[in-house]
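Numbers restart at 1 for each chain; the letters A, B, ... are given by sequence-line order, proteins then strands.
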Amino acid sequence: MSTSAPSATPGSSPAGGPKPMDAIMSLCKRRGFIFQASDIYGGINGFWDYGPLGAQLKKNLREAWWQDMIMNPCWGRKGPNGRRVECVPVETRIIQHPKVWEASGHVGGFNDPMVDCKETKGRYRYDHVMVFVPESGDAGDKPVFAYVGDQPSESKQKKKAEKTFGAVKSVALSSIPQPWTRVIAPEAEKPGTLTEPRMFNLMFDTIPGAIKDEANRAYLRPETAQGVFLQFKNVVDSSRVKIPFGIGNTGTSFRNEVTPRNYTFRSREFEQAELEFFCHPDESFKWYEFWRDFRMDWWKSIGLAGENLILREHAKDELSHYSVGTSDVEYRFPFTFPEFGELEGIAHRGNYDLTQHQKHSGAKLEYFDQERGELLPNGSKRGERYLPHCIEPAAGLDRGALAILCEAYTKDESRPSPEIMKFHPRIAPIKAAVFPLVNKDGMPEIAEKLYDAVRARFAKVGFVEFDEKQSIGKRYARMDEGGCPFCFTVDGQTATDQTVTVRDRDTGAQSRMAMDQVVKFLEDKLGV
RNA sequence: GCGGAAGUAACUCAACGGUAGAGUGUCAGCCUUCCAAGCUGAAUGUUGCGGGUUCAAAUCCCGUCUUCCGCUCCA
């Protein structure tokens, strides 16, 4: 039988609005994609675990990135220099020397309590803010004037304070009882615009070593990129790479997000897949465009095609201080709809990071390029010494997995199994399933044999399932929710002509094929 | 961080202050020759957690945690 109901468009609900996020989350829990971390203890804010299907889904995503970025970069596409793109991997640690994060700029004004001004949007270090009050210390109902030492606000506020009180003295903001309804912020006009002090400790910290000594404080990395810069010289010295080339790094990072929100989208622990591509400054912008375009194509290739994916070039005033160009690959999540949320940032970082680490570590990180410089009489080039520029495509694997889950979720009420996860076969955690149509007449035995063969061949890329329980309809439905793209069923005809049916998840349509063609069929469909 | 809403079985949800239930799923058996079909049965709950009020709390009160929504934040 062949039922091919019209399938809903992946990526949007039939009405064209956002898909129901609660239904997606419910399915993710029910089928073992995503669980809340420490669920039985009531959960922990900002942390999520993956269940059996989710773990394999994410592994497939990570593997796809590894293959297409490191082992066979850009599917063999030629770079702007007309040559093959070359990349190598590293695997660097979550914990590095604390000075790394000083050099990178991550340790700075963000580990101290800060107060914000609601009127001017100014932000001040709490312990730096002083206040002019009357000499007596009692301002009565009058406002008092906050300032920051050695800033224009100091003299300005002092004048105002003296006009109000006459003789004044200055005290720390922290000595004034909250709420600060009578405090006028440094650049503000109205009183009471300062928030209470807040800690912006973005980075998690820890103390390595058996003895707890503050002097040893180290941080859990907020990005994997820095590990690459730290090992740049070692990689160059040990692996015969030549500029231009990339170094990829994947792994867990931590950010103490102020407000974890939107399911796994803004988690405090998350996994990144980052490539740092080093090139000569003169060629850097071309490489930036190259990577920007490839990364967009890549996300499309694993199933995020459609209107839900966009490439957004950052405006000038949005750029980091070191970047001359940044683009985001963004996906229209149900919870951002109709806006988009970032999946990956492709940043031109110039030579900022290598410069910083060279300065802070004292190590020489320049690259000696023997293919550049004037031609010498002996036929070789003089060479050129420089700090390479860096293009950084930095993807969030958990965000990628979430986008894939959202994109795949399809509700089709016309199907007996209305909820279908339409994963791209390459990413699908379950690759195939084998069923006996009924649990008798020799069918289970034949099906087991087929299952063994398929599993032996494809277990390295995902689950291969065998299911003989309950009705065939329930088994198909289960596979639809798990996102298994192909189900092979042994039926009464199999014993006589060695054929089985293959059912397509997205259409429900079936066709018959020789049993010994099943492995070949899957090889083609799964691309392995 | 602020404001609002919610939290009961794996999922979706019921239950007047008075014995915690249903549907779905899961599991087992029977049946079954292609789509959550049928029959029979089973397991799963300190009602998020901790206090309080009460003879009695899923229910009322307080605290706390988590999730969702809106602000804020997102180096």
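In this structure, CD of A/E339 is placed 11 Å from P of B/C71, rounded to the nearest angstrom. If you measure from atom CD of A/E468 to atom P of B/C31, you get 14 Å, rounded to the nearest angstrom. Distance A/I420 CD1 to B/C35 C1': 11 Å, rounded to the nearest Å. Rounded to an integer number of Å, the gap from CG of A/D504 to C1' of B/C35 is 14 Å. Taking atom CZ on A/R30 and atom P on B/G25, their separation rounds to 10 Å, with Å as the unit. Straight-line distance from the CZ atom of A/R255 to the P atom of B/A75: 8 Å, rounded to whole Å. Atom CD1 in A/I44 sits about 18 Å away from atom P in B/C49, given to the nearest Å. Across the protein-nucleic acid pair, A/D39 atom CG and B/C11 atom C1' stand 13 Å apart, rounded to whole Å.
Taking OG1 from A/T264 and CD from A/E271, the interatomic distance works out to 12.5 Å, rounded to the nearest 0.5 Å. Taken to the nearest 0.5 Å, the CD atom of A/Q96 stands 9.5 Å off from the CD atom of A/Q226.
Judged by Watson-Crick or G-U wobble contacts below 3.5 Å, the nucleotide B/U19 has no partner. For B/C71, the paired nucleotide is B/G1, the pair qualifying as Watson-Crick or G-U wobble because both relevant distances are below 3.5 Å. Pairing for B/C27 is with B/G41, a Watson-Crick or G-U wobble pair whose two hydrogen-bonding atom distances lie under 3.5 Å. Pairing of B/A6, defined by two Watson-Crick or G-U wobble distances under 3.5 Å, is identified with B/U66. For B/A14, there is no paired nucleotide, since no Watson-Crick or G-U wobble pair has both relevant distances below 3.5 Å. Using Watson-Crick or G-U wobble geometry with both donor-acceptor distances under 3.5 Å, B/U54 finds no partner in any strand shown.
Within 4.0 Å of A/S471, counting heavy atoms only, lies at least one base atom of the nucleic acid. A/G42 comes within 4.0 angstrom of the backbone, heavy atoms only, and of no base. Residue contacts shown for A/M443 include a base, since a base heavy atom lies under 4.0 Å away. If you check every strand for non-hydrogen atoms under 4.0 Å, A/G341 touches nothing. Within the nucleic acid shown, A/Y263 comes within 4.0 Å of sugar-phosphate atoms alone, with no base atom in reach, counting heavy atoms only.
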For this session: Kindly indicate, with the supporting measurements, whether the criterion salt bridge (charged side-chain N to carboxylate O under 4.0 Å, His left out) is fulfilled by A/K411 and A/E413.
Result: CA-CA 6 Å; A/K411 186 98 185 227; A/E413 297 288 2; 3.7 Å; yes

For this session: Starting from the C-alpha separation in whole Å, work towards a yes-or-no answer on side chain to side chain donor-acceptor pair (under 3.5 Å) for A/D497 and A/T499.
Result: CA-CA 6 Å; A/D497 67 0; A/T499 61; 2.7 Å; yes

Problem set entry | salt bridge (charged side-chain N to carboxylate O under 4.0 Å, His left out) between A/K525 and A/D504, intermediate numbers included | CA-CA 11 Å; A/K525 295 289 187 183; A/D504 181 86; over 6 Å; no

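Taking atom C1' on both B/G50 and B/G41, the two are 39 Å apart, rounded to the nearest angstrom. The separation of B/U24 from B/A37, taken at their P atoms, amounts to 9 Å, rounded to a whole angstrom. For B/A15 and B/U53, the C1' atoms lie 22 Å apart once the distance is rounded to whole Å. B/G4 and B/G45 have their P atoms separated by 35 Å, with the value rounded to a whole Å. Atom P of B/U54 sits at a distance of 26 Å from the matching atom of B/G7, rounded to the whole Å. Nucleotides B/A22 and B/C55 place their C1' atoms 31 Å apart, quoted to the nearest Å. The gap from the C1' atom of B/A14 to that of B/U47 amounts to 13 Å, rounded to the nearest Å. Comparing the P positions of B/A58 and B/A42 gives an interatomic distance of 26 Å, to the nearest angstrom.
A/N45 has no side-chain polar atom (N or O) that falls below the 4.0 Å cut-off from OP1 or OP2 of B/C65. Contact between the side-chain N/O atoms of A/K440 and the OP1/OP2 oxygens of B/U32 is found at a separation under 4.0 Å. OP1 or OP2 of B/C11 lies within a sub-4.0 Å distance of a side-chain N or O belonging to A/K29. For A/K469, a side-chain nitrogen or oxygen approaches OP1 or OP2 of B/A28 to under 4.0 Å. Contact annotation: A/Q470 does not reach the phosphate of B/G25 (side-chain N/O to OP1 or OP2, under 4.0 Å). For the pair A/Q493 and B/U33, the criterion of a side-chain N or O lying under 4.0 Å from OP1 or OP2 is not met. For the pair A/N262 and B/C69, the criterion of a side-chain N or O lying under 4.0 Å from OP1 or OP2 is met.
A/Y476 contributes a side-chain N or O that forms a donor-acceptor pair with the base of B/C34 under 3.5 Å. Scanning atom types as modelled, no donor and acceptor separated by under 3.5 angstrom connect the side chain of A/R261 and the base of B/C68. Side-chain atoms of A/R31 stay outside donor-acceptor range of the base of B/G25, with no qualifying N/O pair under 3.5 Å. For A/T501 against B/C34, a side-chain-to-base donor-acceptor contact under 3.5 Å is present. For B/C35, its base never sits under 3.5 Å from the side chain of A/R415 at any donor and acceptor pair.
Under the 6.0 Å distance and 45° angle rule, A/R268 does not count as a cation-pi partner of A/F254.
By the 30° and 60° cut-offs, the orientation of the rings of A/Y476 relative to A/F435 is tilted.
In this structure, the nucleotide among B/C73, B/C35, B/U26 sitting nearest to the side chain of A/K474 is B/U26. Minimum atom distance to the side chain of A/T489 is reached by B/C34, of the listed B/U33, B/C34, B/A75. Side-chain proximity of A/N439 to B/U67, B/U32, B/A37: nearest is B/U32.
Ionic pairing of A/D480 and A/R415 is present here: one or more N-O contacts between side-chain nitrogen and carboxylate oxygen are shorter than 4.0 angstrom.
In this structure, A/R478 and A/F335 both approach RNA chain B, and ranking their closest nucleotides by distance from the 5' end singles out A/R478. Toward the 5' end of RNA chain B, the nearer of the two residues A/D22 and A/G43, judged by each one's closest nucleotide, is A/D22.
Taking the side chain as every heavy atom from C-beta outward, A/R478 and A/D467 approach each other to under 4.5 Å.
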